[in-house]
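Report on one structure; see the data block that follows.
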Amino acid sequence: MPSHVTVTSWNDMPFSGVSEENGTWVGKGYAFYIFDLISSKLNFTYTIVPPRRHILGDEDNGVLGLLYKKEVDLAVAFLPVLPEMRRYCTFSASLDETRLTAVMKRPQESATGSGLLAPFERTVWLLVLASLIFVGPVIYLFATIRAKLWHDPNSENFSLSSCFWFVYSSLLKQGTNIVATTDSTRMLFATWWIFILILTSFYTANLTAFLTKPQFTLSISSLQDIVHKGYSWVTYKGRTIDFLLSQENYNDLSLLNVSRRQKKGVFKYYQPSNAILQSVTTKRLFLAEAHYLQTLIFNDYVNKTRNHLEHSSRCTYVIMPGSILAINRAFGFSNGSVVEKPINKMLLRLVETGIIQHRQEKELPLAEICPVDLRSTERQLRNTDLLLTYKIVVAGYAVAAILFLLEIIFGFVSSRVKNRGKGVKHKVGGKPQVLSVKNPQKRMDLMKRSPPAIYQNAGNILMQRKQQFINGRNYYVVTDRGGDRRFVPIGTPSAFLFQYTA
């Protein structure tokens with residue numbers, strides 16, 4: 001082991017950093033805390049040579065450029081262990097494993113969506129909708145086939161629309177106007193009722209749990225969510241993500257090039273933490289190592305606590321629960337460096353004793369910092385929870401209005417078609433009535449109020465009678481066997497007799 005070595009590093013606090021003090025470059029962060037332990041143990045000194053730009057770089061610049069040109073012996077920094085970097089340098093024993101993730105501004109609403117839809121996933125809702133569509137035709141098919149096989153057209157003569165309404169009304173626990181009389185149809189009804197019983201029981205229980213103790217979730221949890229849902233993102237230029245995206249070969253982060261080509265990815269040089277958090281919104285993410293983001297959020301939380309902000313306003317930012325990439329990190333050595341073996345041996349001992357992990361966790365609290373779900377016990381039913389209810393009501397009234405308009409149009413067209421071919425109109429009591437032109441004799445008899453054969457078949461006539469209000473007086477509208485209608489005033493028995501005796 002030589003008595004003096006030359007090292008380099010970059011600004012990546014709290015892991016590593018360099019600053020000039022009294023004309024001398026001084027190292028900071030976890031990396032130099034570990035390296036100072038090794039230098040005191042192996043009894044050597046070191047000089048820091050910072051790169052011109054604090055990036056990973058390539059053969060000509062950055063940290064990798066200094067290692068590749070052998071201008072330094074090693075890089076005291078938590079460098080990502082990537083296969084694409086092994087042609088520039090060699091790595092020490094793995095110091096830790098980190099995950100690249102994203103931080104975003106905490107959204108006001110959970111990604112769970114409306115409270116009415118929260119109990120079930122989208123797949124479950126689609127299957128319930130499919131069952132509503134297919135169960136009705138299945139029941140209709142069974143009933144129709146059975147009636148044809150047994151040559152009994154009156155047996156369970158269900159219409160397709162009535163089967164649809166049975167399925168829908170059963171789901172809402174309402175009654176039905178069809179009755180199963182055969183064993184096969186009864187079994188279909190019973191199976192559907194059992195399915196509805198289980199489905200509604202689970203839905204009611206999960207809806208109660210959601211409204212009383214909701215779980216806050218984010219809309220993103222993976223790299224695919226970031227790209228496919230159209231999120232924009234910011235990351236450090238020349239760091240791990242930028243290095244991987246600049247490679248020609250396909251890697252774990254190549255999917256980000258899709259949003260990068262859509263101009264949704266921005267690369268910035270190393271900046272203070274305040275500038276990073278100010279650039280983050282609910283639709284714009286910052287991508288970096290999870291431990292680094294936890295440090296940023298914790299410092300922001302402490303500053304807001306000192307400013308006496310309300311507790312609900314302190315956790316402004318939240319880290320994505322998933323990760324976009326998990327990588328190991330280590331020190332980097334120039335190829336053929338004589339200090340690699342002794343330093344690597346000491347690093348391995350520090351890792352095994354847990355000193356490195358202890359040093360990283362020392363400045364962070366033991367509790368999770370601003371988790372995704374703040375586990376707030378206060379829960380009031382918000383207007384957004386009932387938003388779907390409003391939409392259903394509006395949609396229902398709109399459909400009812402459309403159907404009502406169609407019924408009016410259908411009724412008007414039907415009346416025109418029915419009255420086509422009928423003759424002149426005759427006013428009875430001031431209201432025009434259509435009289436048949438096919439039988440003039442019957443029309444003359446009606447105008448003379450000749451007595452019909454009402455007494456010959458009184459039961460049939462009374463079954464066909466209808467009441468109508470004409471010019472302030474009620475009339476019975478009676479249709480005889482020939483299809484002609486007669487008006488009988490409703491009043492005292494003498495008036496009834498007078499109608500046909502006058």
Side-chain angles (χ1 to χ4, degrees), residues 113-118 120 122 124-141 143-144 153 156-179 189 192-193 196 199-200 203 207 383-438 463-479 483-487 490:
S114 174
L116 296 178
L117 298 178
F120 294 152
R122 180 181 299 178
V124 179
W125 285 116
L126 293 177
L127 292 176
V128 171
L129 179 61
S131 63
L132 284 174
I133 296 175
F134 290 106
V135 171
V138 168
I139 295 176
Y140 173 76
L141 185 64
T144 304
E156 297 179 343
N157 190 14
F158 304 150
S159 63
L160 184 60
S161 60
S162 63
C163 293
F164 271 116
W165 278 111
F166 161 74
V167 174
Y168 175 74
S169 61
S170 299
L171 180 63
L172 300 181
K173 296 183 178 180
Q174 301 297 320
T176 179
N177 58 348
I178 63 176
V179 179
F189 282 21
W192 177 249
W193 285 331
I196 293 301
L199 182 70
T200 53
Y203 178 81
L207 181 61
N383 193 40
T384 54
D385 295 328
L386 300 176
L387 184 60
L388 182 61
T389 308
Y390 304 149
K391 293 180 180 179
I392 292 175
V393 171
V394 172
Y397 277 106
V399 173
I402 294 173
L403 293 177
F404 179 70
L405 182 62
L406 293 177
E407 288 174 353
I408 293 177
I409 296 174
F410 180 77
F412 176 75
V413 174
S414 299
S415 62
R416 293 294 299 271
V417 172
K418 183 178 180 181
N419 294 333
R420 185 180 300 172
K422 293 187 177 181
V424 296
K425 296 182 179 179
H426 177 70
K427 290 187 178 181
V428 178
K431 187 172 182 180
Q433 300 294 328
V434 179
L435 300 178
S436 176
V437 298
K438 296 181 180 180
M463 289 178 63
Q464 300 178 8
R465 69 184 182 183
K466 294 182 181 179
Q467 293 187 18
Q468 190 170 351
F469 188 79
I470 301 174
N471 289 341
R473 189 174 183 181
N474 289 326
Y475 289 86
Y476 277 127
V477 181
V478 182
T479 304
D484 293 326
R485 293 185 297 173
R486 308 181 191 279
F487 294 86
I490 301 176

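Values below: all heavy atoms of this structure, side chains included; hydrogens, waters and symmetry mates excluded.
- Scanning both residues, I196 and S170, for their nearest heavy atoms gives CG2-O, 3.4 Å.
- By the 4.5 Å heavy-atom criterion applied to side chains, F120 and L199 are counted as neighbours.
- Partners of Y168 under the side chain to side chain contact (heavy atoms under 4.5 Å, CB included) rule, at least two apart in sequence or in another chain, are W165, L172.
- The minimum heavy-atom distance between P137 and L160, with the atom names listed, is CA-CD1, 4.0 Å.
- Formation of a donor-acceptor pair under 3.5 Å by the T144 side chain with backbone atoms of L141 is not found in this model.
- By the 6.0 Å contact criterion, OH on Y390 is enclosed, its count of non-hydrogen atoms from other residues, nucleotides or ligands being greater than 12.
- Annotation: side chain of W192 is in contact with side chain of S131 (closest heavy-atom distance under 4.5 Å).
- For the atom pair S169 OG and F164 CZ, the distance stands at 13.0 Å (nearest 0.5 Å).
- Rounding to the nearest 0.5 Å gives a distance of 12.5 Å between CG of L207 and OG1 of T200.
- When every heavy atom of C163 is checked against every heavy atom of G136, the shortest pair comes out as CB-O, 3.5 Å.
- Using bins of under 30°, 30° to 60° and over 60° for the plane-to-plane angle, the ring pair F158/F189 lands in the parallel bin.
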Could you tabulate the donor-acceptor pairs under 3.5 Å formed by side-chain atoms of residues 398-405, not counting sequence neighbours?
none

